[in-house]
Structure formats: structure tokens, C-alpha cells
A.B. asks: 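Supplied in C-alpha cells, the structure appears directly below.
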Amino acid sequence: MNGGPLDLRQVTAPGDVTPELRQALIECWIEVTNAGGAAGFPFPPIDASQAAPVVDSLIEGLAPETSRLVVASINGDLAGWLNVRRDPSEVVSHWATLHHVQTRTSLRGRGIGAALMNHVRDIARDEMGLEQLHLAARGGVGLEDFYGRLGWKEIGRWPGALRLAPGDDRDEILMILTPL
């Protein structure tokens, strides 16, 4: 997966996830987590027995109005992905939350994460009719800097909310992107 154009697309229904894409999502999540990435599993190492049920649940919840996958591929191979979810309740339906933003570790620094984030911004605004995007990032790994370069603003922290090990408490950083 050295070169080639980056292909960005979204998946909005469980039936649109091929077995190959499902497997690639699982493998990417394992790779990112086991490299120390803050993508939803705080205690590496993990394997398919942990990642597969979570990927399957995410896939089962896909629906155009409430949950979409945004995937990036190079030459047909998964390079990265994220999930955008909104609550359909009228009081909060104007915003959604990003989850599990990740790129293959061998492809970091090539703009794939930024491309995913910019693409989901367009989808959220133009297709989902959203006004804001929210996310929570693990402190201590520089994620707030990455998101900040893309226009996201820190709006708060939950100090020490995440305990990764005794003596290793991390802040959960709350961020917003608005207007889209």
C-alpha cells in the first residue's frame, strides 16, 4: 500500500459492509491499539476476539441518519476510518460525535487522518444537516494538537478521567468543530 490516490467514501448501512471491509476494520483497530493508539481500547494488546464484536456492533448500528463509517483506502486497501454518530432526539439532533478516528500506523504522516476529518466535516454539513461535531480525545498523546490544526477547539477537560494504569491517569479532552 505504498502509493496511489486516496479514496474516501462513506458506508451508511450494514449491508454495504463487505466481509473484506469488516476484516480490514478489525485489523486496523488491532494495529492502531497495539501501537498505543487512543482508538477505544485502552489496554493493549488486543486481538480479534476483542475487536470483532465491537466492529460488528458498530456495523449493525449503521444508518444514514444516525451512524456512518467514513473510510479511506489506497489501491483498495483500508488506510484509515472513523465513525460519526448522532442522537436523533430533537434537542441534540443538530450535532454528532466522532468515534474511533484511526489510520494505519505505516501510513501516518501522509495526511490520511486530516483527509478523513475534512471529509466527515463535509458529510456532516452537506448530507446530515449538522451544525456541530464533537469528540473526546485522550490527553497525553498530542491528539488535541492534531485536531486543533484542523479547526477544532478544546471546550473542556475531565481531569484524570481515564486511568490507563496505576499512576497513569489522563484527561479526557472535549473538543468541538463549529461552524461546519
A.B. asks: To the nearest 0.5 Å, what is the distance between CD1 (I112) and CG (L107)?
C.D. replies: 4.5 Å
A.B. asks: Grouping I, L, V, M, F, W and Y whenever their side-chain heavy atoms are under 4.5 Å apart, do L116 and L180 come out in a common cluster?
C.D. replies: yes
A.B. asks: What is the minimum heavy-atom distance between R68 and Q10, and which atoms define it?
C.D. replies: NH1-OE1, 2.6 Å
A.B. asks: Strictly distance-based, threshold 3.5 Å: is any side-chain N or O of R22 a donor or acceptor partner for the main-chain N or O of D56?
C.D. replies: no
A.B. asks: Ignoring hydrogens and geometry, is there a side-chain-to-backbone donor-acceptor pair from D87 to S89 under 3.5 Å?
C.D. replies: yes
A.B. asks: Looking only at non-hydrogen atoms, find the nearest pair between A161 and E172 and report the distance.
C.D. replies: CB-CB, 4.1 Å
A.B. asks: With sequence neighbours left out, what residues match H134 under side chain to side chain contact (heavy atoms under 4.5 Å, CB included)?
C.D. replies: W95, T97, Q132, I176
A.B. asks: Roughly how far apart are R104 CZ and L78 CG, rounded to 0.5 Å?
C.D. replies: 5.5 Å
A.B. asks: In the structure I gave you, are the side-chain heavy atoms of D16 and L62 within less than 4.5 Å of one another anywhere?
C.D. replies: no
A.B. asks: Counting only N and O atoms by type, is there a donor-acceptor contact under 3.5 Å from the side chain of Q102 to the main-chain atoms of H100?
C.D. replies: yes
A.B. asks: Nearest 0.5 Å, please: how far is CD in E144 from CZ in R149?
C.D. replies: 10.5 Å
A.B. asks: Taking L21's backbone N and O only, do any of them form a donor-acceptor pair with T18's side chain (distance below 3.5 Å, no angle check)?
C.D. replies: yes
A.B. asks: Test of understanding: clusters of I, L, V, M, F, W, Y form through side-chain heavy atoms closer than 4.5 Å, transitively. Do L174 and Y147 belong to the same one?
C.D. replies: no
A.B. asks: Please answer whether the main-chain N or O of I74 pairs with a side-chain N or O of D7 as donor and acceptor at a distance below 3.5 Å.
C.D. replies: no
A.B. asks: What distance do L130 atom CG and L177 atom CG have between them, rounded to the nearest 0.5 Å?
C.D. replies: 11.0 Å
A.B. asks: Taking all heavy atoms of R86 and all of S93, pick out the closest pair and write down the distance.
C.D. replies: NH2-O, 2.6 Å
A.B. asks: Closer than 3.5 angstrom, by distance alone: can the side chain of S67 be matched with the main-chain N or O of L58 as a donor-acceptor pair?
C.D. replies: no
A.B. asks: Please report the shortest heavy-atom distance between P159 and D171, naming the atom on each side.
C.D. replies: CA-OD1, 3.1 Å
A.B. asks: Would L162 and L143 show up in the same hydrophobic cluster when neighbours are defined by side-chain heavy atoms closer than 4.5 Å?
C.D. replies: no
A.B. asks: Any chance CZ of R108 has more than 12 other-residue heavy atoms, nucleotides or ligands included, within less than 6.0 Å?
C.D. replies: yes
A.B. asks: With a cut-off of 6.0 Å (strictly less than), are more than 12 heavy atoms of other residues, nucleotides or ligands near CD of E154?
C.D. replies: yes
A.B. asks: On a heavy-atom basis, which atom in A114 and which in L150 lie closest, and how many Å separate them?
C.D. replies: CB-CD2, 3.8 Å
A.B. asks: Which pair of heavy atoms, one from N34 and one from P44, lies closest together, and at what distance?
C.D. replies: OD1-CB, 3.7 Å
A.B. asks: How about T12 and E127: do any of their side-chain heavy atoms sit closer than 4.5 Å?
C.D. replies: no
A.B. asks: For residues V70 and W152: do they belong to one hydrophobic cluster (side chain heavy atoms under 4.5 Å, members Ile, Leu, Val, Met, Phe, Trp, Tyr)?
C.D. replies: yes
A.B. asks: Under a 4.5 Å side-chain heavy-atom rule over Ile, Leu, Val, Met, Phe, Trp and Tyr, are I46 and V32 clustered together?
C.D. replies: no
A.B. asks: For the NE2 atom of H99 and the CG atom of L69, what is their distance to the nearest 0.5 Å?
C.D. replies: 11.5 Å
A.B. asks: If we ignore hydrogens and angles and just use 3.5 Å, is the side chain of Q50 paired with the main-chain N or O of D47 as donor and acceptor?
C.D. replies: yes
A.B. asks: With a 3.5 Å distance limit and no angle check, can you tell me whether R125 reaches the backbone of R121 through a side-chain donor-acceptor pair?
C.D. replies: no
A.B. asks: Just by modelled atom types, is the L98 backbone N or O under 3.5 Å from a matching donor or acceptor in the N83 side chain?
C.D. replies: no
A.B. asks: Mind checking the CG-CG spacing from L6 to N75? Nearest 0.5 Å is all I need.
C.D. replies: 10.5 Å
